[in-house]
Amino acid sequence: MSAQPLDLGVIGNCRVAALVNPFGRIVWWCVPRFDGDPVFCNLLSGQQEKGFCEVALEGMVESSSGYRRNTAVIETVLTDGAGNSLRISDFAPRFKQYGRHFRPATIVRRIEPVAGLPRIRLRVRPTHDYGKPCHAIAGSNHIRFVGSGPDPIRLTTDAPLSYVLHESPFVLSRPLHLIFGPDEPLNDAPDEIAPHFLEKTIDYWTDWVRALAIPYEWQQETIRAAITLKLCSFEETGAVVAAHTTSVSEAPGTERNWDYRFCWLRDAYFVIQALNRLGATKTMESYIDYIATIAASDADGLRPLYGIVHDQPTTERIAPELEGFLGQAPVRVGNQAAEQLQNDVYGSVILAVAQSFADQRLPTMGDEGLYRRLEPLGRKAARFAFEPDAGIWEFRGRTRVHTHSVLLCWVACDGLGRIARRIGLAEDARAWAEQADEIRKRLLAEAWNEKRGAFTGHLGGHELDASVLLMAELGLIAADDPRYVSTVETIRRELTVNGQMLRYAVPDDFGLPETAFLVVKFWTIDALAAMGRREEARALFDELLGARNSYGLLSEDLHPVTGQLWGNLPQTYSMAGIVNSAMRLSISWEEGLWLASS
């Protein structure tokens, strides 16, 4: 096992996404969208050599891989022992065309010689139905990969088809292009389409980044996080996925494997918050449409997660053809958490759309019509605030009145009161404020444990839970309140392992947690900053940035002993943490420019 098994970069276009390793192997790509069948599933194939696309350089001794600056394009250079080298450019086309975004279910590889005459093999081994082999059928300048379903995948290429089919070695003397997508003919030759798509895609991302309101410090880290968060938005419906993968284990030797290719209402809030802070508000605008659709159709209450098409099934099943990440089965498709009761969802939705009522930049701001759509969510939050649920960590074997869930129910009522006041509904504002105050008083009284010197994870309990760190961030309590300060110190003391932080330190459905949950450390950083301990927070932030892989990405978890990343990738919770903490901790542009010139 390599030092960092999740050293992967993501390419995408807000419809499909693929993961690329440092040697230029595509190990993950779902079609025709984020939650589709992984045609390239090598990430989860264990020891089986299937589900990938690779440019294998004979005699390779060196590889270097990274993003082209300010884009979602990955460039990989491979070099052999004789000095021959090649460059691979991987991307998913995304650009404006005919007045709208062009984002096909397509990924493109451009392979070009850099020095000498490198000798390569093109190895293309797609699968279907989560790991079953495809049948290859060659055409004039394409190969159709056919499975049991009705939609084959087509590779259109100017590489010799016989060399691809037989994985035969040949000399790379000119640029070659591989275009993977639906089984449809292309209008032009690959050597015309691919370079054109590449240029247009680079221009798109460069322009998108140029419009971001980034902090003065940690600029490249923030830009990479912002692009990654954008790639997690399914633009067609407005949904935001928690990650692009399924079943990447949270820790070695565990069955903590989950499918994250869905829209968690809680996670989506953190993404929207991060992108809004950078001025990238279109994701919020699309998400509002997605939420309005759900709110109109789910009269019985919100579920914690939905498909990127909201009414599609999320039933959990096991994919038996795949051995799992590093051989750690099971591989799960769907997520049982959709069936859980998680009462924090109401506050998460209202937090995510609240800015639309105040942001004058938006062409269509939140109005009374949207407020009326949100009202039923607030009423449910008030009703369910003190009802037991599965909580933010989605316990499968128990329910409690979780502090975080009550906190977010308070947020829902408090937020609706603020919205009502902004749009001139004074009577509604008073009613919501009264409801919020009732929840707040009871929450502060029953969550506080004098013996622990901390707010605990559930009302009347004694177990610590890092989610209570959000109490000050969300406005329930002042950051300098002695109870909150004591809570932060107690959590840091008792949930820190080798400098990393756990969500909790008691057994759950799968035993004791082994890995640290990365976003918890971001929450701690933000708490310290709010308490006025900025230098301490900055030091922890720099330390946490060091955990990113070589592409600047974070997954969900970090092993506190080995330093390895674990869990699905890229994890929006973690990437949003980079943006939010950088925006909070950075010096201003005025300060930075003054220091640079002095």
Side-chain angles (χ1 to χ4, degrees), residues 250-252 254 256 344 390-395 397-408 443-474 476-541 543-544 547 556-564 566-567 573-574 577 581:
E250 291 183 11
T254 180
R256 297 176 189 264
D344 65 321
I392 182 175
W393 309 127
E394 302 182 340
F395 296 113
R398 68 171 188 237
T399 60
R400 288 174 172 169
V401 182
H402 289 97
T403 301
H404 178 266
S405 297
V406 183
L407 168 65
L408 268 291
L443 171 58
L444 290 175
E446 297 185 24
W448 175 253
N449 185 306
E450 189 68 35
K451 290 183 178 179
R452 300 305 305 271
F455 292 107
T456 55
H458 63 276
L459 271 57
H462 65 277
E463 297 168 0
L464 297 178
D465 188 317
S467 62
V468 304
L469 293 171
L470 293 170
M471 294 173 77
E473 171 78 15
L474 296 176
L476 181 85
I477 192 170
D480 60 358
D481 186 294
R483 293 168 296 177
Y484 182 73
V485 173
S486 177
T487 297
V488 173
E489 290 304 326
T490 302
I491 286 176
R492 291 188 70 194
R493 182 174 63 251
E494 298 194 28
L495 296 187
T496 298
V497 178
N498 225 23
Q500 307 303 328
M501 297 193 65
L502 306 175
R503 292 174 284 181
Y504 45 85
V506 294
D508 57 19
D509 312 296
F510 298 87
L512 278 170
E514 181 179 345
T515 50
F517 201 72
L518 286 167
V519 76
V520 170
K521 196 163 185 176
F522 284 115
W523 294 344
T524 304
I525 289 165
D526 293 343
L528 290 173
M531 290 159 55
R533 294 157 62 175
R534 289 180 59 84
E535 291 309 310
E536 190 176 353
R538 287 170 61 90
L540 287 178
F541 185 53
E543 178 184 293
L544 191 46
E556 184 177 53
D557 304 275
L558 182 76
H559 199 287
V561 177
T562 67
Q564 290 180 344
W566 290 87
Y573 252 155
S574 304
S581 293

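We count residues from 1, following the sequence as given. Keep in mind the model is a prediction, meaning the values are calculated, not measured.
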>> With side chain to side chain contact (heavy atoms under 4.5 Å, CB included) as the criterion, how do Leu469 and Thr524 come out once you've worked through the C-alpha distance, each side chain's angles and the decisive distance to 0.1 Å?
In response: CA-CA 7 Å; Leu469 293 171; Thr524 304; 3.5 Å; yes
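- In this pair, Trp393 and Tyr504 present their aromatic rings tilted. The plane angle is within the 30 to 60° band.
- Here the options are Leu443, Val406, Leu408, the test is side-chain contact (heavy atoms from CB on, under 4.5 Å), and the partner is Leu476; only Leu443 passes.
- Contact of the Met531 side chain with the Glu536 side chain is not registered, since no non-hydrogen atoms from C-beta on lie closer than 4.5 Å.
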> Is there a side chain to side chain contact (heavy atoms under 4.5 Å, CB included) between Phe517 and Glu556 once you walk through the steps?
Replying inline: CA-CA 6 Å; Phe517 201 72; Glu556 184 177 53; 3.1 Å; yes
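- By the 4.5 Å heavy-atom criterion applied to side chains, His462 and Lys451 are not counted as neighbours.
- With Leu540 as the fixed residue, the side-chain contact (heavy atoms from CB on, under 4.5 Å) test singles out one of Arg533, Lys521, Met501, Glu535: Lys521.
- Looking at heavy atoms from C-beta onward, Leu544 lies in side-chain contact with Ile525 at the 4.5 angstrom threshold.
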> How far apart are the C-alpha atoms of Trp523 and Leu470, what are their side-chain angles, what is the distance that settles it, and do they pass the side chain to side chain contact (heavy atoms under 4.5 Å, CB included) test?
Replying inline: CA-CA 7 Å; Trp523 294 344; Leu470 293 170; 3.8 Å; yes
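- Considering Arg398, Arg503, Arg256 as possible partners of Asp508, the one that fulfils the salt bridge (Lys or Arg N to Asp or Glu O under 4.0 Å) test is Arg256.
- Closest approach of Ala466 and Leu495 over heavy atoms only: N-CD1, 4.0 Å.
- Trp566 has its side chain out of reach of Thr254: every pair of non-hydrogen atoms, C-beta onward, lies at least 4.5 Å apart.
- Within the 4.5 Å cutoff, the side chain of Val561 has heavy atoms near those of the His559 side chain.
- Within the 4.5 Å cutoff, the side chain of Asp557 has no heavy atoms near those of the Glu514 side chain.
- Looking only at atom types and distance, the side chain of Asp344 has no donor-acceptor partner in the side chain of Ser405 under 3.5 Å away.
- Across all non-hydrogen atoms, the minimal contact from Ile392 to Tyr573 is CD1-OH, 3.8 Å.
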